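As structure tokens, the structure follows; a few thoughts come after it.
Side chains are part of it too, since the values below use all heavy atoms of this structure and drop only hydrogens, waters and symmetry mates. Note that this is a predicted model, so its numbers are computed, not measured.
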Amino acid sequence: MPALYVVATPLGNLGDITVRALEVLKRVDVIAAEDTRHSQRLLDACGVRTRLIALHEHNEQAAAGEVIRRLGGGQSVALITDAGTPAISDPGARAVARVRGAGFRVVPVPGPSAATAALSVAGFDQGGFLFVGFLPAKPGARRAAIEAVRAQTATLVMYESPHRIGESLADLAAVLEPERAIVIARELTKLHEQVVRLPLGEAVAWLASDPNHARGEFVLLIEGAPPREGLDPEAERVLDLLLAELPLKTAARLAAEITGQARNALYARALELKRG
Ligand code: SAM
């Protein structure tokens, strides 16, 4: 039966290609790839000789039409992107939607993804996570997007490129509580792989401390907001009193010391009170 196979490829380390991914890539009639030159190197290294066609954000409509025409003619097609699982923050999703809409089978061939690779080594045990993907490029929209997820108690997962890592970290630290933990995972599975965990308020200084820190591809994982229900009424009363007299950070710290409640929760509540 003709089908579109959505095939995950390595993030960097070629050894991460799966046995099934190789079988599918060898067997299909054609492979649609985001960047054919980039993917040709992967296929050459893996001994796959299947023909490549381009499917990227600039030719998406026409290329999806070509994939549908081939499927209609009884061919099978694989979809790959530059790294990881297609359709996660890359042009794959719209092509998949069109192929589905045309009534053809779409088959996942799972494997690496930057988000799950980073989550697996972050050590956050909050349970859920919220995949945010790339933050907007424009400063106003970026801050609004961060504000929109500020109260989420799930771990926040974001993608970032070397061009905007500095601006994004600065805005995250400005909008969210600086005490929250951030895990910065860069160059996963590559030579210069690095995974650091630090308070969000220290992230900009970490980036500036070494020019190499701004190089490569990034996943940012940010501890979710502390759950609101935990704050007892007495802690809230003490916080209210201190906030009337002291700066926000000092009030939250002292309220935590006096009441024994979590400083993060008090800080988050103080921010809410201050913002009205
Ligand atoms: N579909 C891919 C996936 O499954 O992860 C993501 C595609 S998106 C266009 C590219 C972004 O993924 C990069 O900007 C970066 O945020 C993240 N990424 C890709 N490779 C990475 C790596 N080796 N280490 C860290 N992040 C990576």
Side-chain angles (χ1 to χ4, degrees), residues 115 118-133 135 139-140 142-160 164-186 194-210 213-214 218-276:
L119 277 163
S120 74
V121 292
F124 284 124
D125 62 355
Q126 283 163 307
F129 65 88
L130 177 75
F131 181 70
V132 178
L135 288 169
R142 186 166 55 233
R143 285 187 174 226
I146 300 168
E147 186 67 49
V149 294
R150 196 171 62 84
Q152 286 287 341
T153 51
T155 300
L156 303 173
V157 182
M158 296 170 187
Y159 281 170
E160 201 43 274
R164 271 199 289 274
I165 184 69
E167 295 165 55
S168 286
L169 286 180
D171 281 348
L172 284 164
V175 178
L176 304 177
E177 302 80 1
E179 284 87 356
R180 280 205 213 183
I182 181 171
V183 167
I184 303 173
R186 65 178 269 270
Q194 188 173 29
V195 180
V196 294
R197 180 177 172 139
L198 65 173
L200 190 48
E202 293 172 20
V204 171
W206 174 84
L207 194 71
S209 67
D210 181 339
H213 288 173
F218 297 84
V219 183
L220 308 177
L221 301 132
I222 299 161
E223 187 181 16
R228 276 285 323 277
E229 311 78 68
L231 210 57
D232 79 29
E234 176 60 7
E236 193 136 348
R237 194 183 69 80
V238 171
L239 181 66
D240 250 333
L241 288 172
L242 293 173
L243 270 177
E245 305 292 332
L246 297 167
L248 186 144
K249 220 171 162 176
T250 316
R253 182 175 55 74
L254 285 176
E257 271 175 33
I258 295 166
T259 65
Q261 296 278 291
R263 194 194 307 185
N264 264 1
L266 285 156
Y267 190 87
R269 182 66 185 134
L271 272 181
E272 278 175 4
L273 290 171
K274 200 176 148 210
R275 288 172 176 153

Subject >> Considering all heavy atoms, the nearest L221-A122 contact >> reply: CD1-CB, 3.8 Å
Subject >> For the student: nearest non-hydrogen atoms of A145 and L135, plus distance >> reply: CB-CD2, 4.3 Å
**OP:** Measure the shortest side-chain to side-chain distance between V149 and I222 over non-hydrogen atoms and say whether it is less than 4.5 angstrom.
**Re:** no
Original post:
Rounded to the nearest 0.5 Å, how far does CZ of R237 lie from CG of L242?
Top reply: 10.0 Å
**OP:** Report, as yes or no, whether the 6.0 Å neighbourhood of atom CZ on F124 holds more than 12 heavy atoms from other residues, nucleotides or ligands.
**Re:** yes
**OP:** Return the orientation label for the H213 and W206 ring planes: parallel under 30°, perpendicular over 60°, tilted otherwise.
**Re:** parallel
**OP:** Kindly indicate, with the supporting measurements, whether the criterion side chain to side chain contact (heavy atoms under 4.5 Å, CB included) is fulfilled by R142 and I146.
**Re:** CA-CA 6 Å; R142 186 166 55 233; I146 300 168; 4.3 Å; yes
Original post:
Is the side chain of R186 donor-acceptor paired with the backbone N or O of Q194 at a distance under 3.5 Å, no angle test?
Top reply: no
**OP:** Evaluate the criterion side chain to side chain contact (heavy atoms under 4.5 Å, CB included) for residue pair L176 and I182; output intermediate values, then yes/no.
**Re:** CA-CA 11 Å; L176 304 177; I182 181 171; over 6 Å; no
**OP:** Begin from the C-alpha positions of Q261 and V238 and carry the test side chain to side chain contact (heavy atoms under 4.5 Å, CB included) through to its verdict.
**Re:** CA-CA 11 Å; Q261 296 278 291; V238 171; over 6 Å; no
Subject >> Test: E177 and R180 ion pair at under 4.0 Å >> reply: yes
Original post:
Is it true that R143 and E147 make a salt bridge, defined as a side-chain N closer than 4.0 Å to a carboxylate O?
Top reply: no
Subject >> R150 versus V175, closest heavy-atom pair with distance >> reply: CD-O, 3.4 Å
**OP:** Could you grab the distance from atom CG of L243 to atom NZ of K274, nearest 0.5 Å is fine?
**Re:** 9.5 Å
Original post:
Which pair of heavy atoms, one from L169 and one from I184, lies closest together, and at what distance?
Top reply: CD1-CD1, 4.3 Å
Original post:
Looking only at atom types and distance, does a side-chain atom of Y159 sit under 3.5 Å from a main-chain N or O of A115, one as donor and one as acceptor?
Top reply: yes
**OP:** Grab the two heavy atoms, one from I165 and one from E160, that are nearest each other, plus how far apart they are.
**Re:** CA-CG, 3.7 Å
Original post:
With a 4.5 Å limit on heavy-atom distance, are the side chains of D232 and T259 in contact?
Top reply: no
Subject >> Point-to-point distance, once rounded to the nearest 0.5 Å, from CD of E223 to CG of L156 >> reply: 10.0 Å
**OP:** Could you grab the distance from atom CG of L254 to atom CG of L266, nearest 0.5 Å is fine?
**Re:** 10.5 Å
Original post:
What heavy-atom pair brings L239 and A252 nearest, and what distance separates the two atoms?
Top reply: CD1-CA, 4.0 Å
